[in-house]
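A short worksheet on the structure shown next.
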Amino acid sequence: MSNQVKIQYAVDEKMPVSLAILQALQHVIALFSSVVVVPVIVANATDVPREQLEYIIFATIIVTAVSTLIQAVRIGKIGSGYILFTGTSATFLSCSLVAADIGGFALVATMSVLAAPLEFLIAYFLGKLRKVVTPLAGGVVIMLVAITLIPLSLEMWVGQPGTENYHSPENLLVGLVTFLIIAGFYVFGRPAWRLWGPAVGILGGYISAYFMGMVDLSALKGASFIGFPPLKWPGFYIDFSPEILPLLVAFAVVTVVGAIETVGDAMVIQRVSRRDFKKVDYDSVQGALYSDGVGNILAGLAGTIPNTTYSGNI
């Protein structure tokens, strides 16, 4: 089947507004859990106050929306010109946990801003790096990132050390239910279903936790469902000590990893978005990297976790 037959609306064609809204809702619903889960994990692991967590989630959503818009509309050389969903990156989870433990989200934000210029450098020299930064390299990097997160995931599965539920059967069961649902979607589900695996898995985990009395919904009583959260911006961390330098190096390395992932995503989305695709437009790839760097700076200024492009929506 040719690419022309598969594509109903190419990137340069207009679709009905109602269909565009429906597609946008599908993207947001399917990927929303992935966007907010990383800052929530970091906040819960480092005892961030609830009011600041509410702000962090709010800031994360806003930065995600703005960064995705920049990718799509392309401002000058910044942006790919394609619907590359840009959201919180799980590749930054480990180093963000360390940073938040040392200096809270203020240090996470500072590291995000300081490491972001690396993406601009990679974008500028992309022409000389074409043989190194390939979709294959991006795929390998993504796989290695996932493997490195396994120990952290298992640690969080059994619960926080020192709590009454640590290593409890309830914790193990909730984690197992969540894992089996997500794995079932990815292994046995159709390609269109796999995108919904994480969201449905989290929902299944919450339902099982609720019936075991592990979910506290008391905070919802009297809560406002429309409005702004407390504007508890964490600020920047300016008390630099010797232990900060290795952390900055870690953020720099992970930023390069995210850049490689963005290159792969920016290449693949061109192939599936054009009827007349012949070769990769490296100007668009370069724009995707520039936009990714801008997104990381915006994330830092807002006080939340750095961003990268998502391959799921492609």
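For the single chain, residues carry numbers from 1 onward in sequence order.
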> Stepwise, does the side-chain contact (heavy atoms from CB on, under 4.5 Å) test hold for Val174 with Trp157?
Replying inline: CA-CA 9 Å; Val174 170; Trp157 185 338; over 6 Å; no
>> Would Ile305 and Thr60 count as a side-chain contact (heavy atoms from CB on, under 4.5 Å) here? Give the steps.
In response: CA-CA 7 Å; Ile305 310 291; Thr60 299; 5.7 Å; no
>> Go through it in stages, so that I can follow the logic: the residues are Tyr206 and Val215, the test is side-chain contact (heavy atoms from CB on, under 4.5 Å), and I'd like the CA-CA distance, side-chain angles, deciding distance and then a yes or no.
In response: CA-CA 7 Å; Tyr206 263 103; Val215 177; 4.2 Å; yes
> Checking side-chain contact (heavy atoms from CB on, under 4.5 Å) for the pair Ser284/Gln270: CA distance, chi angles, key distance, verdict?
Replying inline: CA-CA 9 Å; Ser284 175; Gln270 292 182 41; 3.7 Å; yes
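For the pair Thr88 and Pro39, the minimum side-chain heavy-atom distance is below 4.5 Å. Side-chain contact between Val35 and Phe85 is present, with at least one heavy-atom pair separated by less than 4.5 Å. Counting heavy atoms from C-beta outward, Asp283 and Arg74 have side chains that approach closer than 4.5 Å. Taking the side chain as every heavy atom from C-beta outward, Phe277 and Val272 never approach each other to under 4.5 Å. Put simply, the side chain of Ile62 reaches to within 4.5 Å of the side chain of Phe58, judged on heavy atoms.
A donor-acceptor pair under 3.5 Å is formed between the side chain of Gln71 and the backbone N or O of Ala288. In this structure a side-chain-to-backbone donor-acceptor pair under 3.5 Å is missing from Trp233 to Tyr55. Judged purely by atom type and a 3.5 angstrom limit, Ser112 has no side-chain atom pairing as donor or acceptor with the backbone of Val108. At distances below 3.5 Å, not a single donor-acceptor pair connects side-chain atoms of Glu170 with backbone N or O atoms of Met214. Distance alone, capped at 3.5 Å, is enough to place a donor-acceptor pair between the Thr68 side chain and the Thr86 backbone. Under the 3.5 Å distance criterion, the side-chain polar atoms of Ser208 are matched with a main-chain donor or acceptor of Gly205. Side-chain N or O atoms of Thr308 include none that pairs as donor or acceptor with a backbone N or O of Pro306 at under 3.5 Å. With hydrogens and angles disregarded, a donor-acceptor distance shorter than 3.5 Å links the side chain of Glu13 to the backbone of Ala10.
Expressed to the nearest 0.5 Å, how far CE of Met267 lies from CZ of Arg271 amounts to 10.0 Å. A distance of 10.0 Å separates CG in Leu247 from OH in Tyr237, rounded to the nearest 0.5 Å. Interatomic distance, Phe251 CZ to Ile244 CD1, rounded to the nearest 0.5 Å: 10.0 Å. In this structure, OG1 on Thr304 lies 11.5 Å from CG on Leu298, to the nearest 0.5 angstrom. To the nearest 0.5 Å, atom CZ of residue Arg275 and atom CD of residue Gln8 are 9.0 Å apart. Rounding to the nearest 0.5 angstrom, the gap separating the CG atom in Asp281 from the CZ atom in Arg274 is 7.5 Å.
Taking all atoms of both residues into account, the shortest heavy-atom contact from Ala302 to Val63 is CB-CG2, 3.7 Å. Across every non-hydrogen atom of Gly258 and Asp292, the tightest pair is O-OD2, 4.1 Å. When all heavy atoms of Ile56 and Gly303 are compared, the closest pair comes out as CD1-O, 3.0 Å. Taking each heavy atom of Ala99 and Leu107 in turn, the nearest pair found is O-CD2, 3.4 Å. Minimum heavy-atom separation, Gly204 to Ile181: CA-CD1, 3.8 Å. Nearest heavy atom pair, residue Val38 against residue Ser89, reads CG1-O, 4.2 Å.
The environment of Leu25 atom CG is dense: over 12 non-hydrogen atoms of other residues, nucleotides or ligands sit within 6.0 angstrom. For Phe179, the CZ atom is loosely surrounded, since the number of other residues' heavy atoms within 6.0 Å does not exceed 12. Within 6.0 Å of the OH atom in Tyr210, the count of heavy atoms belonging to other residues, nucleotides or ligands does not exceed 12.
Transitive grouping of hydrophobic side chains (ILVMFWY, heavy atoms separated by less than 4.5 Å) keeps Val249 and Val98 in distinct clusters. In terms of hydrophobic clustering, with Ile, Leu, Val, Met, Phe, Trp and Tyr side chains grouped at heavy-atom distances under 4.5 Å, Tyr124 and Leu126 are assigned to a common cluster. In terms of hydrophobic clustering, with Ile, Leu, Val, Met, Phe, Trp and Tyr side chains grouped at heavy-atom distances under 4.5 Å, Ile83 and Val73 are assigned to different clusters. By the rule that hydrophobic residues join a cluster once side-chain heavy atoms approach within less than 4.5 Å of another member, Leu248 and Val253 end up as members of separate clusters. Ile182 and Val36 sit in two unconnected hydrophobic clusters of ILVMFWY residues. Membership requires side-chain heavy atoms under 4.5 Å apart, directly or through other members.
When each of Thr255, Asn296, Thr262 is tested with Glu119 by the rule side chain to side chain donor-acceptor pair (under 3.5 Å), just one qualifies, namely Asn296.
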